[in-house]
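Following: one structure in C-alpha cells, then a few remarks.
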Amino acid sequence: SQTIHQWPATLVQPVGSPLSLECTVEGTSNPNLYWYRQAAGRGLQLLFYSVGIGQISSEVPQNLSASRPQDRQFILSSKKLLLSDSGFYLCAWSVEGASPLHFGNGTRLTVT
Amino acid sequence: ELKVEQNPLFLSMQEGKNYTIYCNYSTTSDRLYWYRQDPGKSLESLFVLLSNGAVKQEGRLMASLDTKARLSTLHITAAVHDLSATYFCAVDDLNTPLVFGKGTRLSVIA
C-alpha cells in the first residue's frame, strides 16, 4: 500500500533562518507531488506541484522553493524565512487521472 | 481561473439535526472531492465524485454532484459530536491541480 512520510512534525525557526521540509512517498511510481500551506484557521493554498523529477510548477511567487531530486521525494526550502511563512505545510501525492490527493501528516512551522 | 466557494463557512448544529453544506465551482469539471480535517490534523479523503448525478454515502454523510449546476452538496443526517470537523470540497480540471474551497467548520453540540 502507498504511504507518505513528512517531517518534521513541528518546527520553530527564527526569522531569516533557512528551511528544509521533506516528503517521501512509498508504494507508487511517478506520483504527482504537491506542497500546500494552510494559515491558521484558513483554507489551503497550493504552493508547488510536480509531475516528474525536476519538474516543478510554482503557483505563488514568494521566498519558498521546491525540488524533486528523486521520483518519490519532494523538498520545500527557503533561504530566509519570514514571519508570514508560519503555517501548516502539507505534502500530498496523487496519480494521473481522477484521483484524490493523499496528504501527509503535515508540518506545523512557527517563525519567530 | 477555477474558483470554489463553500457555504456556510461556519456551522453550529445540534445533535440529531440534519444540514447541508454547499460547494459551488466555476469550471465545467466533473471531478469533485470532499475532505475532512480534524483540528490540528491533516486532511482525510471522504468522497470522490466523478460524474453528473454521482451520489456517495458513508454513515451519516452523503455527497452528491450536479455538474450542470456546478454544485456539490454534503448532507449530514442526524448529526453526532464525532462529525465536528472542517469539511473541504475541492475541484480539479484537466491538467489543473486541485483547488480547494475555504472549508466549512462544523461544530455539533448537544
Side-chain angles (χ1 to χ4, degrees), chain A residues 1-11 21 23 25 31-52 55-60 66 68 74 86-110, chain B residues 1-10 21 23-25 27-52 54 56 58 63 65 67 72 85-107:
Chain A
S1 63
Q2 302 92 348
T3 56
I4 178 169
H5 303 280
Q6 189 180 342
W7 67 93
T10 60
L11 192 59
L21 303 180
C23 172
V25 179
N32 296 330
L33 297 173
Y34 307 83
W35 279 111
Y36 284 86
R37 178 170 64 194
Q38 186 177 34
R42 305 285 294 276
L44 277 77
Q45 178 187 32
L46 177 63
L47 300 176
F48 302 95
Y49 69 96
S50 171
V51 298
Q55 300 178 60
I56 309 293
S57 296
S58 173
E59 292 294 304
V60 182
R68 185 170 178 173
F74 206 22
S86 293
F88 191 42
Y89 288 81
L90 290 158
C91 180
W93 69 272
S94 71
V95 295
E96 286 297 325
S99 163
L101 294 183
H102 304 277
F103 286 88
N105 289 333
T107 296
R108 191 163 305 281
L109 171 66
T110 303
Chain B
E1 180 188 353
L2 172 53
K3 293 186 178 180
V4 181
E5 293 187 359
Q6 282 182 244
N7 69 85
L9 297 183
F10 298 93
I21 299 170
C23 175
N24 291 91
Y25 55 97
T27 183
T28 55
S29 172
D30 57 0
R31 307 193 321 190
L32 189 135
Y33 310 84
W34 283 96
Y35 290 84
R36 169 180 172 146
Q37 185 180 35
D38 291 307
K41 303 294 185 181
S42 185
L43 276 76
E44 171 191 359
S45 177
L46 289 176
F47 299 110
V48 179
L49 303 169
L50 300 177
S51 62
N52 186 40
K56 296 278 184 74
E58 179 73 33
L65 178 62
T67 59
S72 180
T86 299
Y87 294 86
F88 291 92
C89 65
V91 179
D92 71 0
D93 214 341
L94 192 61
N95 299 321
T96 303
L98 282 190
V99 175
F100 285 80
K102 293 185 176 180
T104 296
R105 188 177 299 177
L106 171 64
S107 177

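Below, chains carry the letters A, B, ... as their sequence lines are ordered, and counting in each starts from 1.
- Of the possible donor and acceptor atoms, one in the side chain of Tyr35(B) sits under 3.5 Å from a partner among the backbone N and O of Leu101(A).
- Note that CG of Leu98(B) and OH of Tyr34(A) are 6.5 Å apart. Values are rounded to the nearest 0.5 Å.
- Phe88(A) CZ to Gln37(B) CD: the interatomic distance, rounded to the nearest 0.5 Å, is 6.5 Å.
- Around the CD atom of Gln2(A), the shell of radius 6.0 Å holds more than 12 heavy atoms that belong to other residues, nucleotides or ligands.
- For the pair Ser42(B) (side chain) and Gly106(A) (backbone), a donor-acceptor distance under 3.5 Å is absent.
- The CG atom of Leu44(A) lies 13.0 Å from the NZ atom of Lys102(B); values are rounded to the nearest 0.5 Å.
- Put simply, CZ on Phe100(B) and CD on Gln38(A) are 9.5 Å apart, with the number rounded to the nearest 0.5 Å.
- Counting heavy atoms of neighbouring residues, nucleotides and ligands inside a 6.0 Å radius, atom CG of Asn105(A) does not exceed 12 of them.
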